[in-house]
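These numbers were taken from a predicted model, which means no experiment stands behind them.
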Amino acid sequence: MENNTQKKPDIFDKIMSWRFLKGFQPFYAKNKEMLLYLFFGVLTTVVSFITAGLSKIFLEMITSSSGIVATVSTVISWICAVTFAYITNRIWVFESNVTKAGAVFAEALSFYGGRVFTLFVEMGMMWVGYSLLSFNYWATKIIANVVVLILNYIISKLIVFKKK
């Protein structure tokens, strides 16, 4: 008889059981949440950069204002990245067990609320770095994303997906 308290292995657990990765299994088991957060954080950053780059190209065709370009491209990339992050964080990183529609909505609202806060942090950093100080757009974007990644983990861990 199977123990119902034992969690079913997810795709990442299955990958880590591959023979050539067996040596990393103890490290993975001990640090799974942080490793998956970093993995999906990198993918979220890729989503953010791709959508920021595409929107920057489009916006530069219709305006010469670097302030508008930085702000609007950041908002567009934020919407795409946060949606991707919520789905991956909910399923794999923090393994949310919330299933009732109202509870899922509250969880999502809390997640997006935390991300709104870090959106303003990122927008402020982009505005100061790119628009006011004329730093390189991508260097500013990278620095802002590192700060946002750390803040998002803290908010998700302590507020959104905290274990009850």
With a 4.5 Å cut-off on side-chain heavy atoms, are [Y] and [X] touching?
X: Lys141; Y: Met125; value: no
X: Leu151; Y: Val121; value: yes
X: Asp13; Y: Lys8; value: no
X: Phe39; Y: Val93; value: no
X: Phe161; Y: Arg90; value: yes

Partners passing side-chain hydrogen bond (donor to acceptor under 3.5 Å, both in side chains) against [X] (at least two apart in sequence or in another chain):
X: Asp10; answer: Lys32
X: Thr83; answer: Tyr112
X: Asn89; answer: none

Distance-minimising heavy-atom pair for [X] and [Y]:
X: Leu149; Y: Gly41; answer: CD1-CA, 3.7 Å
X: Arg115; Y: Trp78; answer: O-NE1, 3.0 Å
X: Ser48; Y: Asn145; answer: OG-OD1, 4.1 Å
X: Val160; Y: Ser110; answer: CG2-OG, 3.4 Å
X: Thr74; Y: Glu122; answer: CG2-CD, 3.8 Å
X: Ala103; Y: Val98; answer: CB-CG1, 3.2 Å

Quiz item: Is Tyr28 reaching over with its side chain to a backbone N or O of Met16, donor-acceptor style, under 3.5 angstrom?
Solution: no
Quiz item: Are the side chain of Ser17 and the backbone N or O of Lys14 linked by a donor-acceptor pair below 3.5 Å?
Solution: yes
Self-check item: Distance (rounded to the nearest 0.5 Å) between Thr118 OG1 and Ile154 CD1
Solution: 11.0 Å
Quiz item: If you measure from OG on Ser156 to CD on Glu33, what distance do you get to the nearest 0.5 Å?
Solution: 9.5 Å
Under 4.5 Å between side-chain heavy atoms, hopping through other hydrophobics if needed: is there a path connecting [X] to [Y]?
X: Tyr37; Y: Val147; result: yes
X: Leu59; Y: Phe49; result: no
X: Val69; Y: Ile57; result: yes
X: Val47; Y: Ile91; result: yes

Quiz item: Residues in side chain to side chain contact (heavy atoms under 4.5 Å, CB included) with Thr140, at least two apart?
Solution: Met126, Phe135
Exercise. Using side chain to side chain contact (heavy atoms under 4.5 Å, CB included) as the criterion, list what pairs up with Leu132, not counting sequence neighbours.
Key: Trp127, Val128
Practice problem: Measure the acute angle between the ring planes of Phe40 and Trp92, then classify it against the limits of 30° and 60° as parallel, tilted or perpendicular. | Solution: parallel
Practice problem: Report yes if the distance between the aromatic ring centroids of Phe94 and Phe111 is under 6.0 Å, otherwise no. | Solution: no
Practice problem: Give me the other members of the hydrophobic cluster that Phe105 sits in, counting Ile, Leu, Val, Met, Phe, Trp and Tyr linked by side-chain heavy atoms under 4.5 Å, directly or via other members. | Solution: Leu109
Quiz item: Are a donor atom and an acceptor atom from the side chains of Ser73 and Tyr137 found within less than 3.5 Å of each other?
Solution: yes
